[in-house]
Amino acid sequence: MRATARAEERHFWFRGFRWFVRPLIQRALHGITGARILDCGCGTGVNLPLAAAFGAAYGFDLSAVGLEIARQRGRERLVRASTAAIPFADAAFDLVTSFDVLYSLDEHDERAAVAEMLRVTRPGGHVLVNVAAMNVLRGDHSILSHERRRYTRYALSRLLTAAGFRIVRLTHTNAALFVPMLAVRWLHRARGLAAEADATAEIAVPAAPVNAALSALLFLESVWLKGGGTNAFGSSLLCLARKPEGAIAR
């Protein structure tokens, strides 16, 4: 968690991620005043300022270290809790986010987390979910993030629709970096995945020119996606889904 905290402000992947999700947050909250947003598994709270630009942002995480870092950064409205038992009232939020959390849960907790997300989302509200994708991209980072699975479009869509959501937008992201990532992750698997203590190099910020170049590629990809483009491949899947009016938690 501390290694992540050191990287997430400047690392090209985190920059790209924020460029990818911002337009979908705008879409989900368009026309809503006084929006309430919940980040499920907020980690160090790095994404809460992005959410707070659109309304009142709340976050929770099971990691005491993550929450400590978040509070040191001045983040507020935080609580320690599990995604399988969200400590908020039914239909309390206009947007519920889950960024790189579901893939680390066992199947029971994965389903429980999505059911809880449905419960706390207001009818007509949205969820925004990001998960790891494509098994061929499993590598050292999978160890660092405690990854149990990587999703296909079908698997993520089925998970969310089975809970009661309707898919609004579903696309792969990080497609611009697919070829070099494929090569690096293949090498990881060929020599054996690193131990967790050695895998932190995966989120070390590269040299400034490299970081800038990779950031630029992801920015261009974000422009393509914002314009309505859809990627057929990439290391992550990003999904915006809606809770139908009149829907109830299952």
Side-chain angles (χ1 to χ4, degrees), residues 4 13-14 16-21 23-25 27-28 38-43 47 61-62 82-84 86 95-118 121 126-182 184-186 188-189 193 196 199 202-203 218 221-222 224-225 229-243 250:
T4 300
W13 188 94
F14 294 100
F17 171 77
R18 289 188 285 272
W19 290 328
F20 296 144
V21 302
L24 294 181
I25 294 175
R27 179 172 178 176
L38 176 65
D39 189 11
C40 302
C42 65
N47 294 311
D61 202 278
L62 199 55
S82 165
T83 52
I86 298 177
L95 174 65
V96 176
T97 63
S98 173
F99 298 144
D100 298 293
V101 174
L102 293 178
Y103 60 66
S104 68
L105 306 177
D106 64 34
E107 290 185 8
H108 176 270
D109 284 348
E110 174 201 42
R111 291 191 297 271
V114 175
E116 280 288 86
M117 291 164 64
L118 181 77
T121 303
H126 292 79
V127 292
L128 183 57
V129 175
N130 196 73
V131 294
M134 304 186 68
N135 283 328
V136 72
L137 294 178
R138 181 167 172 80
D140 287 353
H141 187 270
S142 303
I143 303 301
L144 190 64
S145 59
H146 301 163
E147 178 187 295
R148 291 174 178 261
R149 71 188 69 81
R150 300 183 76 89
Y151 291 77
T152 63
R153 293 172 65 96
Y154 173 74
L156 181 58
S157 177
R158 181 179 61 181
L159 175 68
L160 295 175
T161 56
F165 290 108
R166 293 179 182 171
I167 305 301
V168 175
R169 176 91 161 106
L170 176 60
T171 183
H172 284 270
T173 59
N174 305 308
L177 307 182
F178 178 76
V179 173
M181 193 176 299
L182 180 66
V184 170
R185 300 287 172 86
W186 181 86
H188 289 174
R189 296 193 304 277
L193 299 186
E196 184 173 351
E202 280 290 292
I203 54 172
L218 293 180
E221 181 180 335
S222 75
W224 154 257
L225 293 175
T230 298
N231 293 329
F233 55 87
S235 65
S236 295
L237 274 166
L238 182 60
C239 182
L240 179 67
R242 183 174 179 271
K243 180 177 179 177
R250 298 182 177 182

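If you're wondering where the values come from, they're calculated on a predicted model, not measured in any experiment.
- No side-chain N or O of Glu147 forms a donor-acceptor pair with one of His141 less than 3.5 Å apart.
- Counting only distance, with no hydrogens or angles, the side chain of His146 and the backbone of Ser104 share no donor-acceptor pair below 3.5 Å.
- The two atoms that bring Cys40 and Ile86 nearest to each other are SG-CD1, 3.9 Å, heavy atoms only.
- For Phe99 against Leu128, the heavy-atom pair with the smallest separation is CE2-O, 3.7 Å.
- Side chains of Arg27 and Val168 form a contact here, defined as non-hydrogen atoms less than 4.5 Å apart.
- Put simply, the side chain of Asp106 gets close to the backbone of Asp109: a donor and an acceptor are under 3.5 Å apart.
- For the pair Leu160 and Met117, the minimum side-chain heavy-atom distance is 4.5 Å or more.
- A donor-acceptor pair under 3.5 Å is formed between the side chain of Arg149 and the backbone N or O of Leu102.
- Nearest heavy-atom pair, Asn231 versus Thr173, reported as atom, atom and distance to 0.1 Å: ND2-CA, 4.1 Å.
- Residue Tyr154 holds its OH atom at 8.0 Å from OG1 of Thr161, rounded to the nearest 0.5 Å.
- The shortest heavy-atom contact between Ser157 and Leu170 is CB-CD2, 4.2 Å.
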Which is it for Phe20 and Leu218 under the side-chain contact (heavy atoms from CB on, under 4.5 Å) test, yes or no, and what are the steps along the way?
CA-CA 9 Å; Phe20 296 144; Leu218 293 180; 4.1 Å; yes

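- Among residues two or more places apart in sequence or in another chain, the ring pair (Phe, Tyr, Trp, His ring centres under 6.0 Å) test is passed with Phe178 by Phe233.
- Among Arg169, Arg153, His172, the single residue meeting the side chain to side chain donor-acceptor pair (under 3.5 Å) criterion with Thr230 is Arg169.
- Contact record, Thr83 with Glu116: O-CB, 3.7 Å, taken as the closest heavy-atom pair.
- Side-chain contact between Ser145 and Tyr103 is present, with at least one heavy-atom pair separated by less than 4.5 Å.
- Each of Val129, Leu38, Asp39 was evaluated against Thr97; a single residue qualifies, Asp39, per the side-chain contact (heavy atoms from CB on, under 4.5 Å) test.
- Expressed to the nearest 0.5 Å, how far NE2 of His126 lies from CG of Leu24 amounts to 10.0 Å.
- Smallest separation of non-hydrogen atoms from Arg185 and Val136: CB-O, 4.4 Å.
- In this structure, Arg148 does not pair ionically with Glu110, as no charged nitrogen and carboxylate oxygen lie closer than 4.0 Å.
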Could you give me the CA-CA distance, side-chain angles and deciding distance for Trp19 and Leu225, then say whether side-chain contact (heavy atoms from CB on, under 4.5 Å) is met?
CA-CA 10 Å; Trp19 290 328; Leu225 293 175; over 6 Å; no

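- Counting non-hydrogen atoms of other residues, nucleotides and ligands closer than 6.0 Å to CZ of Arg189 gives a total above 12.
- Ser235 OG to Leu137 CG: the interatomic distance, rounded to the nearest 0.5 Å, is 6.5 Å.
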